[in-house]
Structure formats: C-alpha cells, structure tokens
Amino acid sequence: MKFTIEIKENITNIIRRCGYHLAKGKGNELVFARRLGGAKYPQFHLYIEKADGKYFLNLHLDQKKPSYPGVRAHSAEYGGEIIAEEAKRIKKIVNQFFNS
C-alpha cells in the first residue's frame, strides 16, 4: 500500500516512534521493519523515499522468509485490511506527535 505524509521532522525518528527499526537502505530509499511478535516473521516492511518535501511510503506485510536461498521472493501482502489499518496507525501517530 502506498501513501504520502508531509512532515518537517526527521523521518527516522518518526518511524521509530511508530515501532519500526531501520532495516536497510539503498540510494535515496530508507527501509524499516516492524515485527508482529517475538519471531522475525510476520513483519511489516516500510520503504520510504523523499521527493519535493514529501515522504512517499510503501508498506507491505511479509508473512514468511524467502523460501529459497539467494531469492528475495517471499509470501507478502500488499493490500487488504491489515495493511490499511497499519497505514492508518502510522498516519495517526504522525499527526498526533508531529503535526500538532
């Protein structure tokens, strides 16, 4: 699920406030993850890019790790109620703490 937020704060601090940790990044993109339990999976993945003063977020839920070594393909959800609720939760935290 893709959505946009406009903030003037440090995006890393904001996303950490949402319960995510910095996973990796490449080029202009930051990647964060948030586990749903004690195990590594399932976990939300959040990809963030900045352009024109806006942050573009791309959220999905990894259900399990990749099945084959060296292959990035995995079982993931890119839409649906769980993803929409997580996007709504992120927006609520951003508005509550950083846009008031």
Side-chain angles (χ1 to χ4, degrees):
M1 168 177 273
K2 295 180 180 181
F3 59 101
T4 305
I5 58 175
E6 292 184 52
I7 52 166
K8 295 179 181 167
E9 304 292 328
N10 180 303
I11 190 68
T12 301
N13 292 340
I14 291 169
I15 298 305
R16 284 184 177 149
R17 183 77 171 227
C18 295
Y20 285 77
H21 66 274
L22 187 60
K24 60 182 175 179
K26 58 180 179 182
N28 193 29
E29 184 178 64
L30 294 172
V31 181
F32 294 86
R34 183 172 85 85
R35 295 179 182 174
L36 296 179
K40 185 170 181 178
Y41 293 95
Q43 69 176 347
F44 285 108
H45 255 136
L46 186 60
Y47 295 82
I48 302 175
E49 289 189 58
K50 183 178 181 182
D52 301 325
K54 297 179 185 176
Y55 290 97
F56 298 90
L57 290 76
N58 189 352
L59 175 68
H60 72 269
L61 176 63
D62 293 334
Q63 293 289 0
K64 63 178 188 155
K65 69 179 181 175
S67 301
Y68 304 101
V71 178
R72 294 185 57 150
H74 57 278
S75 178
E77 294 180 37
Y78 293 86
E81 187 176 334
I82 295 171
I83 307 299
E85 285 298 317
E86 179 65 5
K88 184 177 174 182
R89 188 185 75 83
I90 292 169
K91 290 176 189 177
K92 180 179 178 181
I93 291 169
V94 167
N95 288 328
Q96 181 179 359
F97 292 103
F98 301 100
N99 285 336
S100 49

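Atom NZ in Lys91 sits 8.0 Å away from atom OG1 in Thr4 (nearest 0.5 Å). Atom CG in Leu46 sits 8.0 Å away from atom CD1 in Ile11 (nearest 0.5 Å). Taking CZ from Phe32 and NE2 from His45, the interatomic distance works out to 11.0 Å, rounded to the nearest 0.5 Å.
Partners of Glu85 under the side-chain contact (heavy atoms from CB on, under 4.5 Å) rule, at least two apart in sequence or in another chain, are Glu81, Lys88. The side chain to side chain donor-acceptor pair (under 3.5 Å) test applied to Glu77 returns Gln63, not counting sequence neighbours. Under the side-chain contact (heavy atoms from CB on, under 4.5 Å) criterion, Ala23 pairs with Val31, Ala33, sequence neighbours left out.
Side-chain contact between Phe44 and Leu36 is present, with at least one heavy-atom pair separated by less than 4.5 Å. Leu30 places none of its side-chain heavy atoms less than 4.5 Å from the side chain of Ile15.
Heavy atoms of other residues, nucleotides or ligands lying less than 6.0 angstrom from CD1 of Ile82 number 12 at most.
Between Arg89 and Cys18, the closest heavy-atom pair is NH2-O, 2.6 Å. Heavy atoms only, all atoms of each residue included: Met1 and Ala87 are closest at SD-CB, 3.6 Å.
Among pairs with a residue in residues 27-45, those fulfilling salt bridge (Lys or Arg N to Asp or Glu O under 4.0 Å) read Arg34-Glu86, at least two apart in sequence or across chains.
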Would you list the atom pairs, donor with acceptor, under 3.5 Å between side chains in residues 50-59 and any protein atom, with sequence neighbours excluded?
none

